[in-house]
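So the structure is just underneath, and the comments pick up after that.
If you read the sequence from its start, that first residue is 1, and numbering goes on from there.
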Amino acid sequence: MEEKIPAVMMRDITKRFGSVLANDKCWLNIYRGEVLALLGENGSGKTTLMNMLSGIYFPDEGTISIDGKEVTIADPSDALALGIGMIHQHFKLVDVFTAAQNIVLGLPGKLDLKEASRKIREICERYGFDVDPEQKVFDMSVSQKQTVEIVKVLYRGADILILDEPTAVLTPQETEKLFAVLRNMRDDGKAVVIITHKMHEVESISDRVAILRKGHFTGDMLTKDTNAQEMTNMMVGRPVELNIDRPEPEDSRPRIELKDVTVRDEEGLLKLDHVSFTAMSGEVLGIAGISGCGQKELLEAIAGLQPVEEGSISYIEDDGKHEELIGKDPLDIKKLGVALSFVPEDRLGMGLVGNMDLSDNMMLRSYRNGKGLFTNRKDPHHLAEMMVDFLEIVTPSVETPVRRLSGGNVQKVLVGREISNAPKVLLTAYATRGLDINSSYTIYDLINQQKQRGVAVIYVGEDLDVLLELCDRIVVLCGGKVSGIVDGRKTDKNEVGAMMTKLGGVSE
(Lines give C-alpha, C1' and ligand atoms only; values in the text may rest on other atoms or scores of the structure.)
Protein backbone atom coordinates (compact mmCIF):
# COMPACT_ATOMS: atom_id res chain seq x y z
CA MET A 1 0.00 0.00 0.00
CA GLU A 2 1.37 3.44 -0.93
CA GLU A 3 2.50 5.70 1.90
CA LYS A 4 -0.34 7.87 3.09
CA ILE A 5 -1.41 9.30 6.41
CA PRO A 6 -4.03 7.06 8.05
CA ALA A 7 -7.38 8.65 8.92
CA VAL A 8 -6.94 6.97 12.33
CA MET A 9 -3.75 5.84 14.08
CA MET A 10 -4.14 3.97 17.36
CA ARG A 11 -0.86 3.31 19.18
CA ASP A 12 -0.17 1.20 22.30
CA ILE A 13 -3.87 1.29 23.29
CA THR A 14 -4.44 -0.52 26.59
CA LYS A 15 -7.72 -1.02 28.44
CA ARG A 16 -8.39 -2.94 31.67
CA PHE A 17 -11.66 -3.87 33.32
CA GLY A 18 -10.65 -4.84 36.85
CA SER A 19 -8.34 -7.85 36.49
CA VAL A 20 -9.28 -8.41 32.82
CA LEU A 21 -6.89 -6.92 30.23
CA ALA A 22 -9.20 -6.26 27.25
CA ASN A 23 -6.61 -4.54 25.01
CA ASP A 24 -2.86 -4.74 25.47
CA LYS A 25 -0.74 -2.16 23.58
CA CYS A 26 -2.87 -2.44 20.42
CA TRP A 27 -1.86 -0.74 17.16
CA LEU A 28 -4.33 -0.03 14.35
CA ASN A 29 -4.36 2.07 11.18
CA ILE A 30 -7.62 2.98 9.43
CA TYR A 31 -7.50 4.59 5.97
CA ARG A 32 -10.03 6.61 4.02
CA GLY A 33 -11.32 5.01 0.83
CA GLU A 34 -11.17 1.45 2.20
CA VAL A 35 -13.27 -1.07 4.11
CA LEU A 36 -11.31 -2.57 7.01
CA ALA A 37 -12.53 -5.84 8.55
CA LEU A 38 -11.62 -6.14 12.24
CA LEU A 39 -11.39 -9.81 13.21
CA GLY A 40 -10.83 -11.75 16.41
CA GLU A 41 -12.35 -14.34 18.71
CA ASN A 42 -14.95 -13.42 21.34
CA GLY A 43 -13.26 -11.45 24.09
CA SER A 44 -10.29 -10.55 21.85
CA GLY A 45 -11.00 -6.83 22.37
CA LYS A 46 -12.45 -5.79 18.98
CA THR A 47 -15.53 -3.96 20.23
CA THR A 48 -13.63 -2.52 23.23
CA LEU A 49 -10.99 -1.06 20.87
CA MET A 50 -13.67 0.51 18.67
CA ASN A 51 -15.58 1.75 21.74
CA MET A 52 -12.47 3.73 22.68
CA LEU A 53 -12.29 5.23 19.20
CA SER A 54 -15.99 6.19 19.38
CA GLY A 55 -15.74 7.72 22.88
CA ILE A 56 -17.66 5.13 24.89
CA TYR A 57 -14.56 4.02 26.83
CA PHE A 58 -11.38 5.98 27.57
CA PRO A 59 -8.04 4.18 27.10
CA ASP A 60 -5.88 3.56 30.18
CA GLU A 61 -2.77 3.98 28.02
CA GLY A 62 -1.84 4.86 24.43
CA THR A 63 -2.60 7.54 21.86
CA ILE A 64 -5.15 8.13 19.12
CA SER A 65 -4.34 10.38 16.13
CA ILE A 66 -6.79 11.60 13.49
CA ASP A 67 -5.20 12.63 10.16
CA GLY A 68 -1.79 12.69 11.84
CA LYS A 69 -2.83 14.87 14.79
CA GLU A 70 -3.02 13.41 18.30
CA VAL A 71 -6.49 13.84 19.84
CA THR A 72 -8.36 13.16 23.09
CA ILE A 73 -11.70 11.36 22.74
CA ALA A 74 -13.44 11.59 26.11
CA ASP A 75 -17.02 10.88 25.00
CA PRO A 76 -19.12 10.15 21.86
CA SER A 77 -19.62 13.87 21.14
CA ASP A 78 -15.81 14.28 20.90
CA ALA A 79 -15.74 11.36 18.46
CA LEU A 80 -18.53 12.81 16.30
CA ALA A 81 -16.81 16.20 16.24
CA LEU A 82 -13.81 14.35 14.75
CA GLY A 83 -16.02 12.63 12.17
CA ILE A 84 -16.21 9.23 13.90
CA GLY A 85 -19.55 7.40 14.16
CA MET A 86 -20.26 3.88 15.44
CA ILE A 87 -23.30 1.76 14.59
CA HIS A 88 -23.78 -0.77 17.42
CA GLN A 89 -25.34 -4.25 17.39
CA HIS A 90 -28.23 -2.98 19.52
CA PHE A 91 -29.93 0.01 17.93
CA LYS A 92 -30.53 3.18 19.91
CA LEU A 93 -33.77 4.43 18.34
CA VAL A 94 -37.07 5.73 19.75
CA ASP A 95 -39.80 3.45 18.35
CA VAL A 96 -42.60 6.02 18.27
CA PHE A 97 -40.50 8.63 16.42
CA THR A 98 -40.02 8.86 12.65
CA ALA A 99 -36.70 8.19 10.94
CA ALA A 100 -36.12 11.95 10.60
CA GLN A 101 -36.94 12.63 14.27
CA ASN A 102 -34.50 9.92 15.38
CA ILE A 103 -31.77 11.23 13.09
CA VAL A 104 -31.94 14.82 14.44
CA LEU A 105 -32.69 13.84 18.06
CA GLY A 106 -30.28 15.54 20.46
CA LEU A 107 -28.78 17.96 17.94
CA PRO A 108 -28.37 21.56 19.17
CA GLY A 109 -30.25 24.54 17.70
CA LYS A 110 -33.73 24.96 16.28
CA LEU A 111 -35.14 21.89 14.58
CA ASP A 112 -36.38 22.20 11.00
CA LEU A 113 -37.76 18.75 10.18
CA LYS A 114 -38.57 19.73 6.58
CA GLU A 115 -34.96 20.75 5.95
CA ALA A 116 -33.75 17.65 7.84
CA SER A 117 -35.89 15.39 5.62
CA ARG A 118 -34.45 17.06 2.51
CA LYS A 119 -30.89 16.49 3.73
CA ILE A 120 -31.69 12.86 4.69
CA ARG A 121 -33.05 12.17 1.19
CA GLU A 122 -29.89 13.73 -0.27
CA ILE A 123 -27.68 11.37 1.80
CA CYS A 124 -29.84 8.38 0.82
CA GLU A 125 -29.62 9.26 -2.88
CA ARG A 126 -25.85 9.71 -2.69
CA TYR A 127 -25.11 6.30 -1.17
CA GLY A 128 -28.10 4.17 -2.21
CA PHE A 129 -29.99 3.97 1.10
CA ASP A 130 -33.69 3.18 1.13
CA VAL A 131 -35.18 5.33 3.93
CA ASP A 132 -38.49 7.15 4.21
CA PRO A 133 -37.84 10.06 6.64
CA GLU A 134 -41.52 10.06 7.67
CA GLN A 135 -41.76 6.34 8.53
CA LYS A 136 -42.13 5.45 12.21
CA VAL A 137 -39.41 3.17 13.61
CA PHE A 138 -41.92 0.62 14.99
CA ASP A 139 -43.06 0.03 11.39
CA MET A 140 -39.54 -0.78 10.16
CA SER A 141 -37.71 -4.04 9.50
CA VAL A 142 -34.38 -4.71 11.24
CA SER A 143 -32.60 -3.74 8.01
CA GLN A 144 -34.44 -0.39 7.84
CA LYS A 145 -33.63 0.41 11.50
CA GLN A 146 -29.96 -0.28 10.82
CA THR A 147 -30.12 2.02 7.80
CA VAL A 148 -31.53 4.81 10.00
CA GLU A 149 -28.60 4.35 12.42
CA ILE A 150 -26.08 4.64 9.56
CA VAL A 151 -27.81 7.70 8.07
CA LYS A 152 -27.90 9.24 11.57
CA VAL A 153 -24.09 9.26 11.87
CA LEU A 154 -23.65 10.43 8.26
CA TYR A 155 -26.13 13.26 8.88
CA ARG A 156 -23.96 14.35 11.81
CA GLY A 157 -20.89 14.55 9.57
CA ALA A 158 -19.15 11.21 10.19
CA ASP A 159 -16.63 10.11 7.57
CA ILE A 160 -15.08 7.34 9.69
CA LEU A 161 -17.78 4.70 10.27
CA ILE A 162 -17.59 1.64 12.52
CA LEU A 163 -20.22 -1.12 12.14
CA ASP A 164 -20.35 -3.80 14.86
CA GLU A 165 -21.74 -7.11 13.52
CA PRO A 166 -23.97 -5.29 10.99
CA THR A 167 -25.25 -8.41 9.19
CA ALA A 168 -26.15 -10.47 12.29
CA VAL A 169 -29.90 -10.41 11.58
CA LEU A 170 -30.01 -9.57 7.86
CA THR A 171 -31.08 -11.87 5.02
CA PRO A 172 -28.54 -12.55 2.23
CA GLN A 173 -30.42 -10.07 0.04
CA GLU A 174 -30.37 -7.35 2.74
CA THR A 175 -26.68 -8.03 3.39
CA GLU A 176 -25.82 -7.54 -0.28
CA LYS A 177 -27.81 -4.29 -0.28
CA LEU A 178 -25.86 -3.08 2.77
CA PHE A 179 -22.55 -4.04 1.17
CA ALA A 180 -23.44 -2.11 -2.00
CA VAL A 181 -23.99 0.98 0.20
CA LEU A 182 -20.70 0.42 2.07
CA ARG A 183 -18.84 0.19 -1.26
CA ASN A 184 -20.43 3.47 -2.35
CA MET A 185 -19.31 5.08 0.92
CA ARG A 186 -15.78 3.73 0.49
CA ASP A 187 -15.65 5.02 -3.10
CA ASP A 188 -16.73 8.43 -1.78
CA GLY A 189 -13.63 8.50 0.44
CA LYS A 190 -15.15 7.36 3.73
CA ALA A 191 -13.22 5.08 6.07
CA VAL A 192 -15.37 2.05 6.97
CA VAL A 193 -14.58 -0.47 9.72
CA ILE A 194 -16.70 -3.62 9.94
CA ILE A 195 -16.53 -6.04 12.89
CA THR A 196 -17.76 -9.45 11.76
CA HIS A 197 -17.26 -13.18 12.34
CA LYS A 198 -18.40 -14.27 8.87
CA MET A 199 -15.39 -15.08 6.71
CA HIS A 200 -17.23 -15.07 3.39
CA GLU A 201 -18.38 -11.51 4.18
CA VAL A 202 -14.82 -10.44 5.00
CA GLU A 203 -13.69 -11.74 1.61
CA SER A 204 -16.64 -10.09 -0.14
CA ILE A 205 -16.61 -6.57 1.36
CA SER A 206 -13.22 -5.73 2.87
CA ASP A 207 -10.07 -4.30 1.29
CA ARG A 208 -7.90 -4.99 4.33
CA VAL A 209 -8.16 -7.07 7.50
CA ALA A 210 -6.73 -6.42 10.98
CA ILE A 211 -6.65 -9.25 13.50
CA LEU A 212 -6.71 -9.22 17.32
CA ARG A 213 -5.96 -12.22 19.52
CA LYS A 214 -6.56 -12.14 23.28
CA GLY A 215 -6.30 -8.34 23.38
CA HIS A 216 -3.15 -8.16 21.24
CA PHE A 217 -2.86 -6.85 17.67
CA THR A 218 -1.43 -9.75 15.63
CA GLY A 219 -1.20 -8.11 12.20
CA ASP A 220 -3.02 -6.71 9.19
CA MET A 221 -2.95 -7.53 5.48
CA LEU A 222 -4.73 -6.87 2.20
CA THR A 223 -7.77 -9.15 1.87
CA LYS A 224 -6.74 -10.20 -1.65
CA ASP A 225 -3.44 -11.52 -0.25
CA THR A 226 -4.99 -13.88 2.34
CA ASN A 227 -7.78 -16.45 2.77
CA ALA A 228 -10.29 -17.64 5.39
CA GLN A 229 -8.00 -20.39 6.68
CA GLU A 230 -5.01 -18.08 7.23
CA MET A 231 -7.17 -15.41 8.92
CA THR A 232 -8.76 -17.99 11.24
CA ASN A 233 -5.39 -19.45 12.20
CA MET A 234 -4.13 -15.94 13.06
CA MET A 235 -7.22 -15.26 15.21
CA VAL A 236 -7.00 -18.53 17.14
CA GLY A 237 -3.22 -19.00 17.19
CA ARG A 238 -3.40 -22.54 15.82
CA PRO A 239 -4.84 -24.35 12.77
CA VAL A 240 -8.65 -24.69 12.86
CA GLU A 241 -10.65 -27.12 10.72
CA LEU A 242 -13.18 -25.03 8.75
CA ASN A 243 -15.48 -27.83 7.57
CA ILE A 244 -18.79 -28.47 9.33
CA ASP A 245 -19.29 -32.21 9.67
CA ARG A 246 -22.67 -33.52 8.53
CA PRO A 247 -22.99 -37.22 9.38
CA GLU A 248 -25.83 -39.08 7.66
CA PRO A 249 -28.88 -39.56 9.93
CA GLU A 250 -29.05 -43.09 11.35
CA ASP A 251 -32.14 -44.97 12.52
CA SER A 252 -34.21 -41.82 12.01
CA ARG A 253 -37.80 -41.84 13.20
CA PRO A 254 -40.49 -39.15 13.73
CA ARG A 255 -40.04 -37.35 17.07
CA ILE A 256 -42.00 -34.06 16.90
CA GLU A 257 -44.93 -33.60 14.54
CA LEU A 258 -46.65 -30.26 13.87
CA LYS A 259 -50.00 -30.18 12.05
CA ASP A 260 -51.61 -26.89 10.98
CA VAL A 261 -50.11 -24.98 13.93
CA THR A 262 -51.45 -21.42 14.08
CA VAL A 263 -50.16 -18.87 16.58
CA ARG A 264 -50.92 -15.19 17.24
CA ASP A 265 -48.79 -12.85 19.33
CA GLU A 266 -50.05 -10.74 22.25
CA GLU A 267 -51.23 -8.04 19.83
CA GLY A 268 -53.29 -10.58 17.89
CA LEU A 269 -50.97 -10.60 14.86
CA LEU A 270 -50.74 -13.90 12.99
CA LYS A 271 -47.18 -15.23 13.51
CA LEU A 272 -47.60 -18.88 12.40
CA ASP A 273 -50.17 -19.77 9.74
CA HIS A 274 -51.04 -23.50 9.55
CA VAL A 275 -47.45 -24.71 9.88
CA SER A 276 -46.89 -28.46 9.38
CA PHE A 277 -43.69 -30.53 9.44
CA THR A 278 -42.07 -33.49 11.22
CA ALA A 279 -38.73 -33.37 13.05
CA MET A 280 -36.90 -36.70 13.04
CA SER A 281 -34.62 -38.20 15.69
CA GLY A 282 -30.97 -38.23 14.67
CA GLU A 283 -31.29 -35.31 12.26
CA VAL A 284 -30.72 -31.57 12.30
CA LEU A 285 -33.80 -29.80 10.95
CA GLY A 286 -33.04 -26.20 10.05
CA ILE A 287 -35.57 -23.37 10.21
CA ALA A 288 -34.81 -20.51 7.80
CA GLY A 289 -36.66 -17.22 7.44
CA ILE A 290 -36.35 -13.47 7.59
CA SER A 291 -36.06 -12.22 11.18
CA GLY A 292 -39.50 -12.06 12.80
CA CYS A 293 -41.15 -14.60 10.47
CA GLY A 294 -42.39 -16.78 13.32
CA GLN A 295 -39.19 -18.66 14.26
CA LYS A 296 -39.34 -17.54 17.90
CA GLU A 297 -43.05 -18.39 18.22
CA LEU A 298 -42.46 -21.78 16.59
CA LEU A 299 -39.88 -22.88 19.16
CA GLU A 300 -41.86 -21.39 22.05
CA ALA A 301 -44.99 -23.25 20.92
CA ILE A 302 -43.12 -26.59 20.94
CA ALA A 303 -41.56 -25.79 24.33
CA GLY A 304 -44.97 -24.98 25.85
CA LEU A 305 -44.16 -21.28 26.24
CA GLN A 306 -46.55 -19.96 23.60
CA PRO A 307 -50.34 -20.41 23.35
CA VAL A 308 -51.46 -22.15 20.14
CA GLU A 309 -54.69 -21.04 18.46
CA GLU A 310 -55.23 -24.22 16.45
CA GLY A 311 -53.45 -27.32 15.22
CA SER A 312 -51.50 -29.99 17.09
CA ILE A 313 -47.93 -30.60 18.26
CA SER A 314 -47.17 -34.24 19.08
CA TYR A 315 -44.19 -35.82 20.79
CA ILE A 316 -43.74 -39.32 19.36
CA GLU A 317 -42.27 -42.04 21.56
CA ASP A 318 -39.93 -44.73 20.18
CA ASP A 319 -42.89 -47.14 20.12
CA GLY A 320 -44.87 -44.73 17.92
CA LYS A 321 -47.19 -43.48 20.69
CA HIS A 322 -48.22 -39.82 20.21
CA GLU A 323 -48.40 -37.42 23.17
CA GLU A 324 -50.09 -34.05 22.54
CA LEU A 325 -47.99 -31.17 23.87
CA ILE A 326 -50.47 -28.32 23.37
CA GLY A 327 -52.17 -27.46 26.66
CA LYS A 328 -49.30 -28.74 28.78
CA ASP A 329 -47.12 -26.23 30.57
CA PRO A 330 -43.32 -26.48 30.20
CA LEU A 331 -42.96 -28.46 33.46
CA ASP A 332 -45.56 -31.00 32.34
CA ILE A 333 -43.65 -31.41 29.10
CA LYS A 334 -40.44 -32.00 31.05
CA LYS A 335 -42.17 -34.57 33.30
CA LEU A 336 -43.14 -36.49 30.15
CA GLY A 337 -39.44 -37.02 29.60
CA VAL A 338 -39.44 -34.52 26.76
CA ALA A 339 -36.39 -32.41 27.60
CA LEU A 340 -36.94 -29.53 25.23
CA SER A 341 -33.87 -27.35 25.58
CA PHE A 342 -34.39 -23.78 24.48
CA VAL A 343 -31.72 -21.27 23.53
CA PRO A 344 -33.70 -18.03 23.18
CA GLU A 345 -32.96 -15.04 20.95
CA ASP A 346 -32.56 -12.72 23.96
CA ARG A 347 -29.67 -14.19 25.96
CA LEU A 348 -29.72 -12.02 29.08
CA GLY A 349 -33.44 -11.25 28.90
CA MET A 350 -34.85 -14.76 28.65
CA GLY A 351 -32.00 -17.23 29.07
CA LEU A 352 -29.72 -16.06 31.88
CA VAL A 353 -29.73 -13.81 34.95
CA GLY A 354 -27.02 -11.19 34.42
CA ASN A 355 -26.28 -10.55 38.11
CA MET A 356 -25.89 -14.26 38.91
CA ASP A 357 -22.59 -16.07 38.41
CA LEU A 358 -21.94 -18.99 36.06
CA SER A 359 -22.63 -21.69 38.69
CA ASP A 360 -25.98 -20.18 39.70
CA ASN A 361 -27.00 -19.79 36.04
CA MET A 362 -26.32 -23.52 35.63
CA MET A 363 -28.52 -24.15 38.68
CA LEU A 364 -31.50 -22.42 37.05
CA ARG A 365 -31.98 -25.67 35.11
CA SER A 366 -31.41 -28.06 38.03
CA TYR A 367 -32.60 -26.42 41.27
CA ARG A 368 -35.72 -28.62 41.35
CA ASN A 369 -33.43 -31.63 41.76
CA GLY A 370 -32.60 -30.56 45.34
CA LYS A 371 -34.14 -32.16 48.39
CA GLY A 372 -36.61 -30.23 50.54
CA LEU A 373 -35.46 -26.65 51.10
CA PHE A 374 -31.93 -27.36 49.86
CA THR A 375 -30.65 -27.02 46.32
CA ASN A 376 -27.78 -28.98 44.83
CA ARG A 377 -24.96 -26.45 44.36
CA LYS A 378 -22.12 -28.92 43.77
CA ASP A 379 -23.15 -30.29 40.35
CA PRO A 380 -23.89 -26.88 38.74
CA HIS A 381 -20.50 -25.62 39.97
CA HIS A 382 -18.76 -28.64 38.45
CA LEU A 383 -20.71 -28.21 35.19
CA ALA A 384 -19.74 -24.53 35.03
CA GLU A 385 -16.05 -25.40 35.44
CA MET A 386 -16.29 -28.10 32.74
CA MET A 387 -17.93 -25.68 30.31
CA VAL A 388 -15.38 -22.92 30.92
CA ASP A 389 -12.69 -25.44 30.02
CA PHE A 390 -14.41 -27.14 27.07
CA LEU A 391 -15.94 -24.04 25.43
CA GLU A 392 -12.96 -21.81 26.30
CA ILE A 393 -15.21 -19.27 28.07
CA VAL A 394 -13.18 -16.15 28.92
CA THR A 395 -14.03 -15.33 32.55
CA PRO A 396 -12.00 -14.54 35.70
CA SER A 397 -13.82 -17.40 37.50
CA VAL A 398 -17.11 -19.32 37.64
CA GLU A 399 -18.13 -16.89 40.41
CA THR A 400 -18.14 -13.96 37.94
CA PRO A 401 -21.61 -12.47 37.16
CA VAL A 402 -22.45 -13.32 33.52
CA ARG A 403 -23.28 -9.68 32.72
CA ARG A 404 -19.55 -8.96 32.99
CA LEU A 405 -18.72 -11.38 30.17
CA SER A 406 -18.52 -10.42 26.50
CA GLY A 407 -21.62 -11.20 24.39
CA GLY A 408 -20.00 -14.24 22.79
CA ASN A 409 -18.98 -15.73 26.13
CA VAL A 410 -22.53 -15.19 27.48
CA GLN A 411 -23.76 -17.17 24.47
CA LYS A 412 -21.34 -20.03 25.23
CA VAL A 413 -22.67 -20.24 28.83
CA LEU A 414 -26.24 -20.46 27.57
CA VAL A 415 -25.69 -23.00 24.79
CA GLY A 416 -23.46 -25.19 26.97
CA ARG A 417 -26.05 -25.28 29.75
CA GLU A 418 -28.86 -26.27 27.40
CA ILE A 419 -26.93 -29.01 25.63
CA SER A 420 -25.67 -30.44 28.94
CA ASN A 421 -29.25 -31.46 29.79
CA ALA A 422 -28.99 -34.46 27.40
CA PRO A 423 -32.35 -33.69 25.74
CA LYS A 424 -34.44 -35.91 23.43
CA VAL A 425 -35.35 -32.80 21.43
CA LEU A 426 -32.95 -29.84 21.24
CA LEU A 427 -34.44 -26.52 20.18
CA THR A 428 -31.82 -23.89 19.38
CA ALA A 429 -32.45 -20.33 18.26
CA TYR A 430 -29.38 -18.49 16.93
CA ALA A 431 -27.01 -20.73 18.89
CA THR A 432 -23.92 -19.09 17.36
CA ARG A 433 -25.13 -15.49 17.00
CA GLY A 434 -22.21 -13.25 17.89
CA LEU A 435 -19.80 -16.16 18.36
CA ASP A 436 -16.35 -16.16 16.76
CA ILE A 437 -15.53 -18.76 14.13
CA ASN A 438 -13.66 -21.10 16.48
CA SER A 439 -16.46 -21.09 19.11
CA SER A 440 -19.08 -21.52 16.39
CA TYR A 441 -17.43 -24.69 15.12
CA THR A 442 -17.31 -26.02 18.71
CA ILE A 443 -21.11 -25.50 18.90
CA TYR A 444 -21.64 -27.19 15.50
CA ASP A 445 -19.65 -30.17 16.80
CA LEU A 446 -21.82 -30.27 19.96
CA ILE A 447 -24.97 -30.21 17.83
CA ASN A 448 -23.66 -33.07 15.68
CA GLN A 449 -22.82 -35.04 18.83
CA GLN A 450 -26.46 -34.64 19.93
CA LYS A 451 -27.65 -35.70 16.47
CA GLN A 452 -25.51 -38.87 16.64
CA ARG A 453 -27.00 -39.62 20.08
CA GLY A 454 -30.41 -39.77 18.34
CA VAL A 455 -31.58 -36.31 19.45
CA ALA A 456 -34.01 -34.45 17.17
CA VAL A 457 -32.32 -31.07 16.71
CA ILE A 458 -34.37 -28.10 15.47
CA TYR A 459 -31.89 -25.38 14.52
CA VAL A 460 -33.06 -21.81 13.85
CA GLY A 461 -30.26 -19.85 12.23
CA GLU A 462 -29.71 -16.70 10.21
CA ASP A 463 -26.48 -17.66 8.42
CA LEU A 464 -27.64 -19.53 5.32
CA ASP A 465 -24.14 -20.84 4.58
CA VAL A 466 -24.20 -22.62 7.95
CA LEU A 467 -27.77 -23.90 7.54
CA LEU A 468 -26.81 -25.42 4.18
CA GLU A 469 -23.70 -27.11 5.63
CA LEU A 470 -25.12 -28.29 8.97
CA CYS A 471 -28.76 -29.23 8.40
CA ASP A 472 -30.16 -32.41 6.86
CA ARG A 473 -33.45 -30.70 5.92
CA ILE A 474 -34.49 -27.04 6.05
CA VAL A 475 -38.01 -25.72 6.67
CA VAL A 476 -38.27 -22.28 5.06
CA LEU A 477 -40.75 -19.82 6.63
CA CYS A 478 -42.18 -16.84 4.78
CA GLY A 479 -44.70 -14.58 6.51
CA GLY A 480 -45.49 -17.30 9.07
CA LYS A 481 -46.22 -19.96 6.42
CA VAL A 482 -44.08 -22.88 5.31
CA SER A 483 -42.67 -21.75 1.98
CA GLY A 484 -41.08 -25.14 1.39
CA ILE A 485 -38.97 -27.94 2.91
CA VAL A 486 -35.67 -28.62 1.15
CA ASP A 487 -32.78 -31.09 1.40
CA GLY A 488 -29.75 -29.31 2.90
CA ARG A 489 -27.42 -31.37 0.71
CA LYS A 490 -29.15 -30.50 -2.57
CA THR A 491 -30.37 -26.90 -2.25
CA ASP A 492 -28.41 -23.64 -2.52
CA LYS A 493 -28.40 -20.18 -0.92
CA ASN A 494 -30.27 -18.49 -3.77
CA GLU A 495 -33.13 -21.01 -3.69
CA VAL A 496 -33.56 -20.71 0.09
CA GLY A 497 -33.18 -16.89 -0.01
CA ALA A 498 -35.92 -16.65 -2.66
CA MET A 499 -38.23 -18.91 -0.60
CA MET A 500 -37.66 -16.69 2.46
CA THR A 501 -39.02 -13.64 0.63
CA LYS A 502 -41.75 -15.25 -1.54
CA LEU A 503 -43.84 -18.33 -0.84
CA GLY A 504 -42.27 -21.26 -2.66
CA GLY A 505 -39.67 -18.88 -4.08
CA VAL A 506 -42.22 -17.44 -6.51
CA SER A 507 -44.91 -14.77 -6.24
CA GLU A 508 -48.31 -16.00 -5.14
Derivation of the salt bridge (charged side-chain N to carboxylate O under 4.0 Å, His left out) call for Asp472 and Arg246:
CA-CA 8 Å; Asp472 300 292; Arg246 178 164 45 193; 5.2 Å; no
Pair Val35-Phe179, side chain to side chain contact (heavy atoms under 4.5 Å, CB included): steps then yes or no:
CA-CA 10 Å; Val35 177; Phe179 284 0; over 6 Å; no
Run Glu122 and Glu125 through side chain to side chain contact (heavy atoms under 4.5 Å, CB included) and show every step you take.
CA-CA 5 Å; Glu122 205 175 86; Glu125 208 170 298; 5.9 Å; no
Would you check, one step at a time, whether the test side chain to side chain contact (heavy atoms under 4.5 Å, CB included) holds for Asp465 with Lys198?
CA-CA 10 Å; Asp465 293 279; Lys198 300 177 183 177; over 6 Å; no
Can Ile87 and Leu161 be said to form a side chain to side chain contact (heavy atoms under 4.5 Å, CB included), step by step?
CA-CA 8 Å; Ile87 294 90; Leu161 286 96; 4.1 Å; yes
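Under the 4.0 Å criterion applied to side-chain N and carboxylate O atoms, Glu174 and Lys177 are not assigned as salt-bridge partners. Checked for salt-bridge contact, Asp188 and Arg183 miss the test: no charged N lies under 4.0 Å from a carboxylate O. The pair Arg489-Glu248 counts as a salt bridge, with a side-chain nitrogen and a carboxylate oxygen less than 4.0 angstrom apart.
Remark: the backbone N or O of Leu299 is not paired with any side-chain donor or acceptor of Gln306 at under 3.5 angstrom. With hydrogens and angles ignored, the 3.5 Å screen pairs no side-chain donor or acceptor of Lys46 with any backbone N or O of Ile211. A donor-acceptor contact shorter than 3.5 Å is absent between the side chain of Ser314 and the backbone of Ile316. In terms of modelled atom types and a separation under 3.5 Å, the side chain of Asn184 and the main chain of Tyr127 share a donor-acceptor contact. For the pair Asn102 (side chain) and Val94 (backbone), a donor-acceptor distance under 3.5 Å is present. No side-chain donor-acceptor contact under 3.5 Å links Ser483 to the backbone of Val476. Arg156 contributes a side-chain N or O that, together with a main-chain N or O of Ile103, makes up a donor-acceptor pair within less than 3.5 Å. Judged purely by atom type and a 3.5 angstrom limit, Gln295 uses its side chain to pair as donor or acceptor with the backbone of Cys293. Arg255 places no side-chain N or O within donor-acceptor distance of the main-chain N or O of Val455, the cut-off being under 3.5 Å. Using modelled atom types, no side-chain atom of Lys190 and backbone atom of Leu154 make a donor-acceptor pair closer than 3.5 Å.
Contact between Leu39 and Met235 at its shortest, heavy atoms only, is CB-SD, 3.8 Å. His197 and Glu165 make their closest contact through CD2-OE2, 2.7 Å (heavy atoms, listed as atom of the first residue, atom of the second, distance). Here the shortest heavy-atom pairing between Leu477 and Gly294 reads CD1-C, 4.2 Å. Contact detail for Phe217 and Cys26: the closest heavy-atom pair is N-SG, 4.0 Å. The minimum heavy-atom distance linking Glu283 with Thr278 is given by the pair OE2-O, 4.2 Å. The minimum heavy-atom distance linking Asn448 with Pro247 is given by the pair OD1-CD, 3.6 Å.
In this model, no donor atom of one side chain and acceptor atom of the other lie less than 3.5 Å apart for Asp445 and Gln449. For the residue pair Asn23 and Thr48, no side-chain donor N or O sits within less than 3.5 Å of a side-chain acceptor on the partner. For the 3.5 Å distance criterion, the side chains of Thr223 and Ser206 qualify, holding a donor opposite an acceptor.
Separation of atoms OG1 (Thr147) and CG (Leu178) is listed at 7.0 Å; rounding is to 0.5 Å. Rounding to the nearest 0.5 Å places NE2 of His88 at 9.5 Å from CD1 of Ile195. Distance check, rounded to the nearest 0.5 Å: CD of Gln452 to CD1 of Ile447 gives 12.5 Å. From Arg186, atom CZ reaches atom CG of Leu182 across 9.0 Å, with rounding to the nearest 0.5 Å. With rounding to the nearest 0.5 Å, the separation of CZ in Phe129 from CZ in Arg121 is 15.5 Å. Note that CD1 of Ile30 and CE of Met10 are 7.0 Å apart. Values are rounded to the nearest 0.5 Å.
By the side chain to side chain contact (heavy atoms under 4.5 Å, CB included) test, Ala99 is found to be paired with Val131, Met140, Val148, residues two or more places apart in sequence or in another chain being considered. Partners of Tyr441 under the ring pair (Phe, Tyr, Trp, His ring centres under 6.0 Å) rule, at least two apart in sequence or in another chain, are Tyr444. For Glu469, the side chain to side chain contact (heavy atoms under 4.5 Å, CB included) test picks out Ile244, with sequence neighbours left out. Shown here are the salt bridge (charged side-chain N to carboxylate O under 4.0 Å, His left out) partners of Asp492, two or more places apart in sequence or in another chain: there are none. In terms of the side chain to side chain contact (heavy atoms under 4.5 Å, CB included) criterion, residue partners of Thr262 (sequence neighbours excluded) are, by chain and number, Leu270, His274, Glu309, Glu310. Every residue two or more places apart in sequence or in another chain that forms a side chain to side chain contact (heavy atoms under 4.5 Å, CB included) with Thr226 is listed here: Val209, Met221, Glu230, Met231.
Residue Asp318 qualifies as enclosed at atom CG: its count of foreign heavy atoms under 6.0 Å is above 12. The number of heavy atoms from other shown groups lying within 6.0 Å of CZ (Arg126) does not exceed 12.
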